[in-house]
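Step one of this worksheet: look at the structure below.
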Amino acid sequence: MKKLDREFYNRDSVLVARELLGKVLVHEIEGQRLAVKIIEAEAYMGVEDKAAHSYGGKRTPRVEVMYGDPGHAYMFLIYGMYCCFNVVTREKGIPQAVLIRAAEPLEGIQWMAQQRYGKPYEELSKSQLKGFTNGPGKLCKALSMDRSHNGIDLCGDQIYLEKGTGENFHVIATKRVGIDYAEEAKDYLWRFYIEGCL
DNA sequence: GAGTGGATAATCT
DNA sequence: GATTATCCACTCA
């Protein structure tokens, strides 16, 4: 399977978000290969997006990686307990990113179950199965990603994205959620998901 | 099946 | 020192 090259990320964030659907996110850790299919992604348009950390050109140590080169991971912590995985887009100096909100486990499912609940996949409760990887925080926990991966190169060998199976699916564009504070920006159709996976 | 409240820590001013 | 936003378990119908 072919990795996505840096040029893929060096484009408009909305375009990248839509094309990331169906792609495979791979995290290699301790010889274990964890792979998930991306089923939901959200674009953050930097300075013109009130929902983005970099809105208005704000520049703090945390968002610094978004100002860097495309194709890098931007991890940020929310609620003090969960983190979100983002892909940095656009060229250096333009702070845009795509948030990966949900995915579907493909490889290393047992490993993920141990990581999240400390027990085999078969023993998970219904609610645990339902929420296995359908949220940003849960996704990161399952993939064993945290702030130590912030700024990592997605064109490297530890965390990268592969082209999917090329199967057919229908992409739905919708409003973003959980950003009521963003005023008019919350009405933009910058959130994408694969129909039938939610 | 639907709705509610409590937990938590890095980041910013 | 204030702010920030998701997940989970619990309750009720």
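Small disclaimer: the values here were computed from a predicted structure and weren't measured. Naming: A, B, ... by sequence-line order, numbering from 1 per chain.
The cationic group of A:Arg101 does not satisfy the cation-pi geometry with A:Tyr193, failing either the under 6.0 Å distance to the six-membered ring centre or the 45° limit from the ring axis. Under the 6.0 Å distance and 45° angle rule, A:Arg11 counts as a cation-pi partner of A:Phe8.
Rounded to whole Å, atom P of C:dT4 lies 19 Å from atom CZ of A:Arg147. If you measure from atom NZ of A:Lys138 to atom P of C:dA9, you get 11 Å, rounded to the nearest angstrom. Computed from coordinates, the A:Arg62 CZ to C:dT3 C1' distance equals 11 Å when rounded to whole Å. With rounding to whole Å, A:Lys141 atom NZ is found 9 Å from C:dC7 atom C1'. With rounding to whole Å, A:Asn134 atom CG is found 12 Å from C:dC8 atom C1'. As rounded to whole Å, 5 Å separates atom P of C:dC8 from atom CZ of A:Arg116. In this structure, the NE2 atom of A:His53 is 12 Å from the C1' atom of C:dT3, given to the nearest Å. In this structure, CE of A:Met81 is placed 18 Å from P of B:dG5, rounded to the nearest angstrom.
For A:Tyr82, no side-chain nitrogen or oxygen approaches OP1 or OP2 of C:dT4 to under 4.0 Å.
Side-chain proximity of A:Pro136 to the nucleotides C:dC8, C:dC7, B:dC12 is greatest for C:dC7. Considering only the side chain of A:Ser127, C:dA9 comes nearest among C:dA9, B:dT11, C:dC8. If you check B:dA10, B:dT11, C:dC8 against the side chain of A:Leu77, the one that comes closest is B:dA10.
Residues A:Leu139 and A:Ala103 come closest through the heavy atom pair CD1-CB, 3.7 Å.
Across all strands, A:Arg59 comes closer than 4.0 Å to no nucleic acid atom at all (heavy-atom distances).
Using a 3.5 Å distance cut-off with no hydrogens or angles, the side chains of A:Gln115 and A:Gln32 do not pair a donor with an acceptor.
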